[in-house]
Amino acid sequence: MIQKIKILTFILLAGYSLTVQAQKYKAGIVAFYNLENLFDTINTPNVFDEEFTPEGPNKWTGERYWKKINNNAMVISQLGRNEGIPGPAIVGLSEIENRMVVEDLINSPHLKPLDYDIVHYDSPDRRGVDVGLIYQKKYFTVTGSRSAALLIYDKETQKRIYSRDQLVVSGLFDGEPMHFIVNHWPSRRGGEKASAYLRNAAADLTRSIVDSIRKVDPKAKVIVMGDLNDDPNNESLTQHLQANGNMKKLKEGDLFNTMGEHFKNGIGSLAYRDNWNLFDQIVITPSLLGKDYSTYKFRHSRVYNDVSLTQKEGRFKGYPWRTYVGTTFSGGYSDHFPVYIMLVKEVK
């Protein structure tokens, strides 16, 4: 949602702060959320989704499905509320089985009033999970979209590894041209080092998409988001995507990783064996930086790790409150926290 806000501008004088003006801005939230296995309850042929059926080991019933829909929708509706903005204008999604589950999501009571629409393509992922994007029709108009195939091959067998394609959506964000690339890069299955080449290849694809957009318009505003299965300091981000988390040290050609400072401060979006990772990231082109707010610019980023989304007790206390622990239904939200950025524009 695009909302008018006031941002105070300060001058510091000998340790005192003096308010110079309260400038009016338009502000909007762009978010990403890994929904953790948002499957329907139907056994789809040629897809490894049997565990998410009523007869499968997870006993994935309609009652559990609708509880998860309601939980995920509630979280999305909360993103930006602490900033005075009731609901994000754009949300990238991962771990969705198909368009139908996203339709159920946006038509739930928490999100229906915000009037979202969907951009989605089926991916060749063996488990049947895709990425997608939802947007408030009032604030974003799609002018084009495509699914970019990630062609990667096993080092030993040379057989194709079927992973998630990358979703590219272009449009007008409150009347301003903007591009979004939604990702879910290959996992660390088999070990972080052994599988690094897969995520490096995914990063190369993302970077080529960004470069192709900027070749047409060097000042294009591009937002890359996703569960990248790597941290901001891994080579897939720093070398292949060329994403730098230090705004003051951006070099020619660098993208800015809005999650870099959070990672530096030890903030994560998921936990595994008592270690936190920040796999969920939003990376932007430098055209979204600067202090000229006559057009939309990056203001700040957040990892939405609200206490309501955390496990309250037991072995995983403090972790994201997930839907399942093994095959035990815990009734939570996701094993990832969502992330978001605020974009602002001066109101004249």
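- When only modelled atom types and interatomic distance are considered, H179 and S170 share a side-chain donor-acceptor pair under 3.5 Å.
- The shortest non-hydrogen separation linking V344 to R299 is CG1-CB, 3.9 Å.
- Side-chain N/O atoms of N200 and E235 include a donor and acceptor closer than 3.5 Å.
- In the model, D40 has a side-chain atom that pairs as donor or acceptor with a side-chain atom of N98 under 3.5 Å.
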* To do: Go through the steps to decide whether F180 and F140 satisfy the test ring-ring contact (aromatic ring centres under 6.0 Å, His included), and finish with yes or no.
  => CA-CA 12 Å; F180 301 89; F140 186 69; 5.5 Å; yes
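- Across all their heavy atoms, D230 and R188 have their closest contact at OD1-NH2, 2.9 Å.
- With L278 as the partner, the side chain to side chain contact (heavy atoms under 4.5 Å, CB included) test is satisfied by one option alone out of I267, V303, N257: V303.
- Side-chain contact annotation: Q78 with D306, donor-acceptor N/O pair under 3.5 Å absent.
- A salt bridge is absent between D49 and R127; no separation between the charged side-chain nitrogens and carboxylate oxygens falls under 4.0 Å.
- Heavy-atom neighbours of Q158 CD from other residues, nucleotides or ligands within 6.0 Å: above the threshold of 12.
- Taking the centre of each ring, Y33 and F337 stay at or above the 6.0 Å mark.
- In this structure, the separation between CD1 on I223 and CD1 on I90 is 8.0 Å, given to the nearest 0.5 Å.
- Under 3.5 Å, the side chains of N70 and S108 contain no donor-acceptor pair of N or O atoms.
- For the pairing with S195, the side-chain hydrogen bond (donor to acceptor under 3.5 Å, both in side chains) check across K193, E192, R199 returns one residue only, R199.
- Looking at T258 and I284, their side chains come closer than 4.5 Å, going by heavy atoms from C-beta outward.
- Just one residue in the list Y139, Y116, Y340 forms a side chain to side chain contact (heavy atoms under 4.5 Å, CB included) with P88, and that residue is Y116.
- Less than 6.0 angstrom separates the ring centroid of Y324 from the ring centroid of F329.
- In summary, the side chains of D125 and S123 do not present any donor paired with an acceptor at a separation below 3.5 Å, with no hydrogens or angles considered.
- When side chains are defined from C-beta on, I76 counts as touching L93, because their heavy atoms get closer than 4.5 Å.
- A side-chain donor-acceptor contact under 3.5 Å links Y296 and D174.
- Side-chain atoms of K221 and T295 include a donor-acceptor pair closer than 3.5 Å.
- Across every non-hydrogen atom of S308 and Y333, the tightest pair is O-CE1, 3.5 Å.
- No hydrogens or angles considered: a donor-acceptor pair under 3.5 Å links the side chains of Q166 and T206.
- Between F52 and W60, the angle of the ring planes goes over 60°, which puts this pair in the perpendicular group of the 30/60° scheme.
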